[in-house]
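Written below as structure tokens is the structure these notes are about.
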Number of protein chains: 2
Amino acid sequence: MGYSESTGGRKAVFNPIANDGDDVTFCSTCAFGAVCVGHGVDKIGLNELHCLVEHAGPYRAGDAIFRNGDRFSAVYAVRAGTVKTSQVDREGRELILGFHLPGELIGLNAIHTEIYPCDAIALETVEVCRFSFPALATLATRIPQIQKELFRRLSKDIGDASQRIQESTADERLAAFILNLSARYEARGFAANALRLSMPRSDIANYLGLAAETVSRVLRRFQDSGLLVVEGREVSLRNPAGLREVARNILPE
Amino acid sequence: MGYSESTGGRKAVFNPIANDGDDVTFCSTCAFGAVCVGHGVDKIGLNELHCLVEHAGPYRAGDAIFRNGDRFSAVYAVRAGTVKTSQVDREGRELILGFHLPGELIGLNAIHTEIYPCDAIALETVEVCRFSFPALATLATRIPQIQKELFRRLSKDIGDASQRIQESTADERLAAFILNLSARYEARGFAANALRLSMPRSDIANYLGLAAETVSRVLRRFQDSGLLVVEGREVSLRNPAGLREVARNILPE
DNA sequence: ACGGGCGCTTGATCGGGGTCAAGGCGGGCC
DNA sequence: GGCCCGCCTTGACCCCGATCAAGCGCCCGT
């Protein structure tokens, strides 16, 4: 609600670069919204982040934010839309690393080699915030809360990737995937029980290590047993507790 | 060579805490050896790291360096021996996250929650260096090379975990596993073509998402086709190029 | 309105590897 | 020294999900 109402103030901002909204609106869905507002970064820190960020986009579905092999220079926070990151192995097969919603950071896996190890592709209309990494790292030395938040996000990505390795059945994986998306949408203020998949079945299958046909069949079985209703890419959760039961084996202890 | 000869100077060191060797020897196999010696940290930075580190161990096989659920307070660099990190899901099944050789950092995946999400268990006699994380983070704000090295290691862990997700056959996984171990041993100055597995087959199987029986069978097949020779936990690579060929599908592009 | 293509679904078959079962071997402890 | 237990191996069987194949429906462009 505050979002649409605040558009009237869009031009009365102090931020000289990414001034498409006032500071609260600008960061409310942004990667650093939490750290700025919630983790003790003061007005000055917020200001400095705003000076650092560059708003980029919109990208259309299929456009690349960065590409495998590009020289690493920045991390990006998704601001709107969904981004998929993926690699291609030497057989030409795609391996999808993740689907990234607004507020999530991409490019962190490139720090180590200074080369992006994956493509970042818009799945729908996408806007991002670009943070020059050298500048961000320098800022992190001056503002410990920003350093801490970077450490946190890197650490979380390790845990998330580890979680995906777990042995499990197609049912467990798909249930966990839907629940995970649902939770992330909910955390962003969307309905928890109705979500729109922004990627084709084949991408879901690839991400989960399944065949597209299996995704289709399992979704149908979930629907037949009343767990959810699927209509194209729209999914309505009808029995979240039941889904959680199906996924329970691979949810964190 | 310089190692055994330097023992004569063991007591003539400036480091007040972890003074079991001179500075070069102490760090030569340590997580921060590279950053101290190779990435531009000067004498002062090295000194500061030395003041921060606490040498711990020896741990015997089966001992825990830390446990799932423990409050996160420090990261550890393996100094000697091999450490496995593993989680237990709610069905009681183990999920092995990694095997960590000397010079590798463990505990980075706990930053995010401030709770260790896994057990760290010694597979043989192990010594570690403990770095209080708050102190390390503070030091990182003052010494950018240390901050950078932490970012790098976190980033690398993300990439490593992502790599493991890839669909692949038992043969590919096992070949890649052996080659990976071989390369890591070689980078630490050990023979590349003769290595000792420090974990039981069941742990290898768990780590690779296979059954122990499959590991056994595939190793036998590799041996029958002349790729390597297995004798208990001793593995001799006889045809590394052939192994690389088997693993090629899942090696980075 | 129509054609075409891509994404999705559903069915049929097949195979890699998990599981169950039964030894063999080796090392530690009394 | 001998026993025992845990690790490893080998064999037989079977199941989940991949693959192959066919058809459907929706959207998009002309």
Side-chain angles (χ1 to χ4, degrees), chain A residues 60-62 84 89 91-96 121 123-125 165-178 196-225 228-235 246 249-250, chain B residues 60-62 84 91-96 121 123-125 165-178 196-225 228-235 246-247 249-250:
Chain A
R60 316 278 293 269
K84 88 168 171 185
D89 71 19
E91 309 289 277
R93 295 173 308 191
E94 185 177 20
L95 170 66
I96 294 179
I121 308 290
L123 287 174
E124 52 204 338
T125 301
I165 292 160
Q166 187 134 196
E167 272 303 302
S168 49
T169 66
D171 287 27
E172 288 168 349
R173 288 177 196 218
L174 203 45
F177 176 74
I178 300 282
R196 169 169 187 76
L197 303 170
S198 44
M199 70 297 288
R201 298 283 191 274
S202 55
D203 278 1
I204 299 176
N206 183 304
Y207 178 71
L208 297 177
L210 302 170
E213 294 93 327
T214 303
V215 170
S216 204
R217 280 187 256 265
V218 172
L219 282 178
R220 160 142 289 279
R221 218 154 12 77
F222 282 177
Q223 177 159 329
D224 290 348
S225 53
L228 45 74
V229 174
V230 188
E231 226 180 296
R233 295 192 179 179
E234 307 286 343
V235 177
V246 172
N249 292 338
I250 59 172
Chain B
R60 314 278 294 269
K84 87 167 172 185
E91 309 289 277
R93 294 173 308 192
E94 186 177 19
L95 170 67
I96 294 178
I121 309 290
L123 287 174
E124 51 203 341
T125 302
I165 291 161
Q166 187 137 196
E167 272 303 304
S168 50
T169 66
D171 287 26
E172 288 168 348
R173 288 178 196 219
L174 203 45
F177 177 74
I178 300 282
R196 169 169 188 77
L197 303 170
S198 44
M199 70 297 286
R201 299 284 192 274
S202 55
D203 278 359
I204 299 176
N206 183 305
Y207 178 72
L208 297 177
L210 302 169
E213 294 92 327
T214 304
V215 171
S216 205
R217 280 187 258 265
V218 173
L219 283 178
R220 161 143 288 279
R221 218 155 11 77
F222 282 177
Q223 176 159 330
D224 290 347
S225 52
L228 45 74
V229 174
V230 188
E231 225 182 295
R233 294 193 179 178
E234 306 288 343
V235 178
V246 172
N249 291 338
I250 59 173

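Just so we're on the same page: letters track the sequence lines, and every chain starts at 1. Predicted model only: the values in this text are computed from it and were never measured.
One can place CD of E172(A) at 14 Å from C1' of dG17(D), the figure rounded to the nearest angstrom. As rounded to whole Å, 9 Å separates atom P of dC8(C) from atom CG of L197(A). One interatomic measurement links the two molecules: CG of N206(A) to C1' of dA18(D), which rounds to 14 Å at whole-angstrom precision. Summarising the geometry, the separation between CG on L174(A) and C1' on dT9(C) is reported as 15 Å, rounded to the nearest angstrom. Between the CZ atom of R221(A) and the P atom of dG11(C) there is a distance of 13 Å, rounded to whole Å. Distance CG (L219(A)) to P (dG17(D)): 14 Å, rounded to an integer number of Å.
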With a cut-off of 3.5 Å and sequence neighbours excluded, list every side-chain donor-acceptor pair involving residues 200-207 of chain B.
{"residue": "R201(B)", "atom": "NH1", "partner": "G232(B)", "partner atom": "O", "Å": "3.4"}
{"residue": "R201(B)", "atom": "NH2", "partner": "G232(B)", "partner atom": "O", "Å": "2.7"}
{"residue": "D203(B)", "atom": "OD1", "partner": "K84(B)", "partner atom": "NZ", "Å": "3.3"}
{"residue": "D203(B)", "atom": "OD2", "partner": "K84(B)", "partner atom": "NZ", "Å": "3.1"}
{"residue": "N206(B)", "atom": "OD1", "partner": "I96(B)", "partner atom": "N", "Å": "2.9"}
{"residue": "N206(B)", "atom": "ND2", "partner": "E94(B)", "partner atom": "O", "Å": "2.7"}

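Summarising the geometry of A175(B) relative to V246(B), their closest heavy-atom pair is CB-CG1, 3.8 Å, with the distance given to 0.1 Å. Nearest heavy-atom pair across L219(B) and L228(B) is O-CD1, 4.1 Å. The minimum heavy-atom distance between L210(B) and A170(B), with the atom names listed, is CD2-CB, 3.8 Å. Nearest heavy-atom pair, R173(B) versus G209(B), reported as atom, atom and distance to 0.1 Å: NH1-CA, 4.1 Å.
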Return the polar atom pairs (N/O with N/O) between nucleotides 23-30 of chain D and the protein under 3.5 Å, or none.
none

Extract from the structure each pairing of a protein N or O with an N or O of nucleotides 5-8 of chain D at less than 3.5 Å, listing the distance.
{"residue": "dC8(D)", "atom": "OP1", "partner": "R201(B)", "partner atom": "N", "Å": "3.4"}
{"residue": "dC8(D)", "atom": "OP1", "partner": "R233(B)", "partner atom": "NE", "Å": "3.3"}
{"residue": "dC8(D)", "atom": "OP2", "partner": "R201(B)", "partner atom": "N", "Å": "2.7"}

Nucleotides 13-15 of chain C: which of its N/O atoms have a protein N/O under 3.5 Å away?
none

Nucleotide N/O to protein N/O under 3.5 Å, stretch nucleotides 18-24 of chain C:
{"residue": "dG18(C)", "atom": "OP1", "partner": "G209(B)", "partner atom": "O", "Å": "3.3"}
{"residue": "dG18(C)", "atom": "OP2", "partner": "A211(B)", "partner atom": "N", "Å": "2.8"}
{"residue": "dG18(C)", "atom": "OP2", "partner": "T214(B)", "partner atom": "OG1", "Å": "2.5"}
{"residue": "dT19(C)", "atom": "O4", "partner": "R217(B)", "partner atom": "NH2", "Å": "2.8"}
{"residue": "dC20(C)", "atom": "N4", "partner": "E213(B)", "partner atom": "OE2", "Å": "3.0"}

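Taking five base pairs at each end of the helix from dA1(C)-dT30(D) to dC30(C)-dG1(D), the local helix axes there meet at an angle of 40°, rounded to 10°.
Between the Q223(A) side chain and the V230(A) main chain, a donor and an acceptor come within less than 3.5 Å of each other.
Contacts of R221(A) classified as side chain to side chain donor-acceptor pair (under 3.5 Å), with partners at least two apart in sequence or in another chain: D171(A). When the side chain to side chain donor-acceptor pair (under 3.5 Å) test is applied to R60(B), no partner is found at least two apart in sequence or on another chain. Checked against salt bridge (charged side-chain N to carboxylate O under 4.0 Å, His left out), R233(A) has no partners two or more places apart in sequence or in another chain. In this structure, S216(A) has no side chain to side chain donor-acceptor pair (under 3.5 Å) partners at least two apart in sequence or on a different chain. By the salt bridge (charged side-chain N to carboxylate O under 4.0 Å, His left out) test, E234(B) pairs with R196(B), sequence neighbours left out. For the side chain to side chain donor-acceptor pair (under 3.5 Å) test, no residue two or more places apart in sequence or in another chain qualifies with T214(B).
Within the model, atoms CG of L174(A) and CZ of R217(A) stand 13.0 Å from one another, a figure rounded to the nearest 0.5 Å. Going from atom CZ of R220(B) over to atom OG of S225(B) covers 10.5 Å, rounded to the nearest 0.5 Å. Atom-to-atom distance recorded for L95(A):CG and Q166(B):CD is 4.5 Å, nearest 0.5 angstrom.
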